[in-house]
2 protein chains.
Amino acid sequence: MNDSLNLKFAALADPTRRGILAMLAQGEATVTDLQKPFGISQPAISKHLKVLEGAGLIERGRAAQSRPRRLNTAALAEAGAWIDGVRQLWDDSFDRLDELLADLQQPESKE
Amino acid sequence: MNDSLNLKFAALADPTRRGILAMLAQGEATVTDLQKPFGISQPAISKHLKVLEGAGLIERGRAAQSRPRRLNTAALAEAGAWIDGVRQLWDDSFDRLDELLADLQQPESKE
DNA sequence: TGATTATATAGCCAACTAGATATATAGACG
DNA sequence: CGTCTATATATCTAGTTGGCTATATAATCA
């Protein structure tokens with residue numbers, strides 16, 4: 001259970017894949033387009049795209065013999081939501097109450 | 001260059017580490033505390049903590065013989081900011097102008 | 001001091017990953 | 001049809017990773 005989140009974060013862990021996502025944020029791009037900026041082989045790009053697609057982060061279109069990729073921002077948002085969730089949990093947590101109390105008990109805190 | 005972002009996303013790629021972060025979102029915890037929920041060895045936990053600390057996502061305190069870990073939300077926020085940046089880029093992109101135009105040229109769009 | 005508790009480190013191994021090259025598939029076009 | 005362009009798949013390999021057990025360090029306490 002939540003495997004798709006797992007796939008998303010695993011996909012985001014690679015810098016080349018993040019680069020691909022950044023490129024796709026500016027619009028659709030073909031495999032050949034995507035290959036240029038990174039100094040790696042076409043199969044390597046295709047493999048990365050497969051991972052990204054498996055994570056739902058991108059989608060595959062079709063135009064003539066090319067398969068332009070497009071960003072799926074909703075899937076990206078899910079990863080962002082996990083991060084926000086943890087941060088929110090932290091912000092709302094009462095577990096740090098003792099710290100606050102400790103602070104209040106030392107009125108002459110220098111620094 | 002931006003290596004620290006890399007470390008953050010790599011750290012987030014593992015489900016156990018995300019679990020640890022989720023636990024720490026509710027307050028400090030020791031290595032022993034953290035070990036319980038996951039069915040893995042103490043050294044495995046320590047290794048994960050080392051990765052998380054290397055990414056700046058957590059910090060190490062000290063209390064008697066224990067080293068309680070605490071979440072660093074600012075570092076987490078940086079990963080979130082990258083995601084938001086890509087989404088923003090997509091939202092603001094003019095590359096999809098043609099789509100809009102195509103839409104406008106079909107006035108009888110139902111729905 | 002010696003025993004106990006908490007954590008870290010070392011070394012090992014199986015699984016996975018990112019890259020490469022070689023080859024296959026598929027559509028476009030003359 | 002054959003050729004070119006675009007992409008996908010197969011196979012291999014070196015490097016990384018996540019887990020383990022065994023052991024080391026470090027602080028506490030009797």
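In this text, all values refer to a predicted model and were calculated from it rather than measured experimentally. Throughout, protein chains are lettered first and strands after them, A, B, ... in sequence-line order, and every chain is numbered starting at 1.
Taking atom CD on B:Gln65 and atom C1' on D:dA27, their separation rounds to 5 Å, with Å as the unit. A:Ile45 places its CD1 atom 16 Å from the P atom of D:dT9, with the value rounded to the nearest Å. When the C1' atom of C:dT7 is taken as reference, atom CG of B:Leu34 falls 12 Å away, rounded to whole Å.
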Which letter, B, S or -, goes with each nucleotide of nucleotides 8-22 of chain C from 5' to 3', with contact meaning a protein heavy atom under 4.0 Å?
-> BB--------BBSBB
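Under the 3.5 Å distance criterion, the side-chain polar atoms of B:Glu53 are left unmatched by any main-chain donor or acceptor of B:Arg60. B:Arg18 places a side-chain N or O within 3.5 Å of a backbone atom of B:Leu12 that can act as its donor or acceptor partner. At least one donor-acceptor pair closer than 3.5 Å links the side chain of A:Arg17 to the backbone N or O of A:Ala10.
For the pair B:Trp90/A:Leu24, no side-chain contact is recorded, criterion being any heavy-atom separation below 4.5 Å from C-beta on.
When A:Leu49, A:Asn72, A:Leu76 are each tested for a side-chain contact (heavy atoms from CB on, under 4.5 Å) with A:Ile58, only one passes: A:Leu49.
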